[in-house]
Amino acid sequence: MITLQNIHKSYKMGLNSLHVLKGINLEIEKGELVSIMGSSGSGKSTLLNILGILDNYDEGEYRLDGKVIAGLSETKAALMRNEYIGFVFQSFNLISFKNALENVALPLYYKKISRKKRNKIAMEYLEKVGLMDWAEHMPNELSGGQKQRVAIARSLIANPKVIFADEPTGALDSVTSFEVMAILRDINKEGITVIIVTHEDDISRMTKRVVKLKDGNIEADFAPKPLNNFALNGSGTYLRDKDDILLNIET
Amino acid sequence: MFDLDKWQEILTTIKKNKLRTFLTGFSVAWGIFMLIILLGSGKGLENGFENEFRGAAKNSLWIWTGRTSIAHNGMNPGRPVRFTNDDYENLKNNIDQREYISGRFNIRWGNQVTYKNEVHSFGIRNVHPEYEFIEALTITDGRYINQLDLDNFRKVTVISTLVRDMLFRDDADKALGEYILVNGIPFKVVGFFEDESQNNNNMRLIYVPISTAQMVFSGGNRLHEISMTIHANTLEEAQRAEENIRNRLAAVHNFNPDDRRALGTWNSFENYMQMQSLFKGIRLFIWIIGIGTIIAGIVGVSNIMVIVVKERTREIGVRKALGATPFSVVSLILFESVLITTFAGYIGLVFGVGLLEIISGIDAPFFSNPSADFRLAVSATLLLIFAGALAGFVPAQRAARIKPIEALRDE
Ligand SMILES: Nc1ncnc2c1ncn2[C@@H]1O[C@H](COP(=O)(O)OP(=O)(O)OP(=O)(O)O)[C@@H](O)[C@H]1O
Ligand SMILES: [Mg+2]
């Protein structure tokens with residue numbers, strides 16, 4: 001699905017240049033659930049942005065689904081993102097003047113799907129994340145967890161092959177974090193590749209593979225010890241969310 | 001390419017961002033509104049001045065005769081000079097710059113006008129048909145004197161609405177076609193006029209065909225006065241025409257061309273030219289202020305568009321991450337701006353024209369009947385729409401081209 005060969009990336013600031021990624025080699029198969037970890041400033045977001053074609057790289061080769069991603073025009077890149085990729089951001093990035101349903105439906109607008117049809121599909125995805133009753137609400141009327149679930153629904157609606165999530169739980173408390181992770185795991189179970197940047201151990205242990213960055217290099221690449229029995233209500237291995245959806249999170 | 005979905009997307013954006021919409025729209029609506037009021041006031045001012053100086057403002061020349069005061073070709077001074085119909089024909093046929101021309105014959109005795117028991121004294125003017133245009137008369141009903149009247153020596157008369165009301169009183173509406181007595185001779189009333197120079201003396205008048213008057217009031221072929229309007233672009237041109245006339249008449253009547261007593265003239269050229277340059281001044285003034293208003297509108301719209309794009313940078317980043325192409329981003333912003341400016345321009349147009357409509361009744365000194373050149377206002381609106389689009393295009397294009405990650409990072 002994703003092949004990185006010797007990826008380099010520097011940021012130029014005036015005369016100085018900051019070498020952030022120093023030759024990353026990485027292979028991620030279709031359907032994997034991967035977390036990228038590392039200390040602050042190690043280049044996690046930089047790497048994820050390159051993977052998501054939000055930013056370009058200086059050197060090396062990046063293949064997404066067999067296609068070399070290099071020197072794309074903004075128009076081509078936009079089409080690639082629309083076709084292959086879903087994003088979940090730490091700061092949600094919902095459009096403030098659109099309600100939950102319209103936010104979720106937006107990627108389909110760029111796929112030229114009719115308003116009626118895309119609203120119907122958006123409703124299905126809102127249902128998937130348990131927010132059907134919140135469809136008409138504006139982002140500022142939603143909690144952080146709800147916003148992130150709307151963002152996840154939005155990232156899914158265009159049927160992407162890969163979901164990139166940069167600290168999707170970074171702004172959430174642990175209960176909501178686990179809810180969000182449960183949804184991402186469900187998505188992964190449907191065969192979508194999910195790549196998550198995080199610096200929380202618990203979160204990374206809910207993924208199947210951890211790639212650890214240090215100073216722009218991959219320091220380690222391993223399968224984490226699964227986080228078992230992480231019920232927060234202290235009674236079982238299931239987490240029950242507000243809208244009464246059973247989240248099966250045993251591994 | 002009409003894309004309903006795109007317009008729906010834009011309309012939603014407009015609806016949800018009322019302040020932004022208002023600010024963009026306001027500067028356009030205000031600019032157009034001010035422009036229309038300005039154009040209207042300018043027109044009102046021009047109309048007002050024109051009314052105030054009506055009559056005098058025309059490019060007209062009046063000529064009359066007197067006695068010679070300079071010895072000429074062996075003849076002593078003090079010899080009377082007299083116009084005849086030949087002089088009228090002479091000037092009519094030989095002065096290139098002549099526009100309208102008329103002779104005038106004055107009755108030496110009597111100016112009594114009678115209808116039934118109403119007996120009044122009114123001025124009796126015996127003229128050619130073109131006098132109507134020289135004096136800028138308005139015919140309210142019927143007609144003015146025409147060539148057939150002259151050819152057939154018809155006993156017809158055109159009277160002012162004031163004269164009509166005084167003679168006919170309650171029967172004023174039946175006056176057309178009635179006969180009145182002019183110095184005891186019946187004349188048929190064929191028309192009514194009004195003279196807008198607002199001088200009451202010009203309304204206490206009746207007009208009679210000059211040929212008829214010369215016949216019935218035993219005038220022979222005598223003329224007392226010749227008046228005409230002159231085509232001229234400059235004062236010099238007009239004065240040359242006058243000089244030409246003077247020389248021509250001096251040759252015919254054998255007097256010194258410089259003899260101002262033999263031939264008297266009065267002209268409104270200088271007045272006319274002053275009026276023209278005053279109008280030019282007013283128009284220039286309006287243009288300068290108008291262009292200033294438009295520029296202010298353009299700057300306003302441009303500023304707002306720059307701010308709008310800045311404010312939407314993050315949104316643009318999000319849209320791009322979700323698959324928006326640069327083209328779709330630019331067109332979203334531009335169509336929104338065009339939609340708002342078009343609508344706002346229309347509002348400004350409607351309000352401006354509406355206000356002018358309300359005050360169009362005004363007829364104060366130096367200000368009357370303001371009205372705006374609608375085509376100009378529409379062009380100005382189009383210019384503002386274009387400027388808004390252009391002003392939005394540059395930053396929108398830039399925002400659409402940058403990498404989405406930079407747009408998203410924007411705080
Ligand atoms: N646009 C930029 N211009 C210049 N330097 C940048 C830019 N973006 C990131 N950097 C620098 O690159 C380095 C890596 O940044 P990056 O955001 O990838 O780190 P990160 O691993 O995601 O850290 P965090 O855990 O704090 O999010 C940092 O030193 C950062 O200051
Ligand atoms: Mg980061």
Side-chain angles (χ1 to χ4, degrees), chain A residues 9 11 45-46 48-57 72-99 102-119 138-139 151 154-155 157-158 160 164 166, chain B residues 1-24 308-333 335-336 340 395-411:
Chain A
K9 170 80 179 172
Y11 289 112
S45 298
T46 305
L48 198 78
N49 293 336
I50 289 171
L51 292 176
I53 330 181
L54 294 174
D55 206 347
N56 48 16
Y57 54 94
L72 294 182
S73 71
E74 257 313 312
T75 308
K76 279 238 180 65
L79 295 177
M80 285 291 283
R81 287 192 287 268
N82 194 232
E83 173 96 12
Y84 285 96
I85 299 169
F87 290 100
V88 178
F89 301 95
Q90 177 174 359
S91 52
F92 321 125
N93 277 332
L94 300 179
I95 291 179
S96 61
F97 58 82
K98 287 179 175 289
N99 67 27
E102 291 165 336
N103 263 291
V104 173
L106 193 56
L108 296 185
Y109 169 75
Y110 291 113
K111 269 197 146 68
K112 309 239 177 293
I113 289 170
S114 79
R115 187 183 197 80
K116 214 173 135 194
K117 197 163 166 206
R118 65 174 189 261
N119 280 350
M138 303 305 282
R154 183 178 66 182
S155 73
I157 195 165
F164 294 107
D166 194 351
Chain B
M1 178 200 71
F2 185 79
D3 186 346
L4 182 68
D5 210 38
K6 175 174 249 158
W7 287 105
Q8 268 173 343
E9 176 76 14
I10 290 165
L11 280 178
T12 336
T13 315
I14 288 176
K15 251 187 271 166
K16 301 273 174 64
N17 295 280
K18 295 213 173 66
L19 182 67
R20 181 165 89 204
T21 305
F22 174 78
L23 287 177
T24 315
V308 162
V309 171
K310 180 105 194 72
E311 191 188 279
R312 295 182 77 170
T313 304
R314 198 180 174 87
E315 180 198 332
I316 290 170
V318 174
R319 285 178 184 273
K320 291 188 77 174
L322 299 181
T325 58
F327 172 78
S328 82
V329 169
V330 173
S331 62
L332 184 74
I333 290 174
F335 284 179
E336 183 186 318
I340 295 172
Q397 177 82 336
R398 199 179 315 129
R401 272 227 208 94
I402 59 170
K403 285 175 290 182
I405 192 61
E406 279 165 36
L408 282 170
R409 203 183 290 128
D410 180 79
E411 296 296 338

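Chain letters run A, B, ... following the sequence lines, proteins first, then strands; residues in each count from 1. Note that this is a predicted model, so its numbers are computed, not measured.
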- Grab the two heavy atoms, one from Lys403(B) and one from Lys9(A), that are nearest each other, plus how far apart they are. NZ-NZ, 4.4 Å

- Message: Report which part of Arg319(B) has an atom under 4.5 Å of a heavy atom belonging to chain A: side chain, backbone, both, or neither.
- Response: both

- How far does CG of Asn56(A) sit from CD1 of Ile405(B), to the nearest 0.5 angstrom? 11.0 Å

- For residues Ala400(B) and Glu74(A), report the shortest heavy-atom separation together with the two atoms involved. O-CG, 4.3 Å

- Looking at Thr75(A), Ile157(A), Leu94(A), which has the largest count of heavy-atom pairs under 4.5 Å with chain B? Thr75(A)

- Item | Any side-chain heavy-atom pair of Arg314(B) and Asn93(A) under 4.5 Å | yes

- Distance col, row Tyr109(A):OH vs Leu332(B):CG, nearest 0.5 angstrom, shows 6.0 Å

- Message: How close do Ala324(B) and Ala78(A) get, counting heavy atoms only, and between which atoms?
- Response: O-CB, 3.2 Å

- Note on the structure: Value for NZ (Lys320(B)) from OH (Tyr110(A)), rounded to nearest 0.5 Å, stands at 10.5 Å

- Item | chain B contact via Ile113(A) - which portion, at a heavy-atom distance below 4.5 Å | backbone

- Message: I need the minimum non-hydrogen distance between Leu106(A) and Leu322(B), along with the two atoms involved.
- Response: CD2-CD1, 3.8 Å

- Considering all heavy atoms of both residues, which atom of Phe89(A) and which atom of Ala321(B) are nearest to each other, and what is their separation? CZ-CB, 4.2 Å

- The interface call for Glu102(A) against chain B, heavy-atom contacts under 4.5 Å, is side chain

- Proximity breakdown for Asn49(A) and chain B, heavy-atom pairs closer than 4.5 Å: side chain

- Message: Within this structure, what is the CD1-CZ distance for the pair Ile95(A) and Arg312(B), rounded to the nearest 0.5 Å?
- Response: 8.5 Å

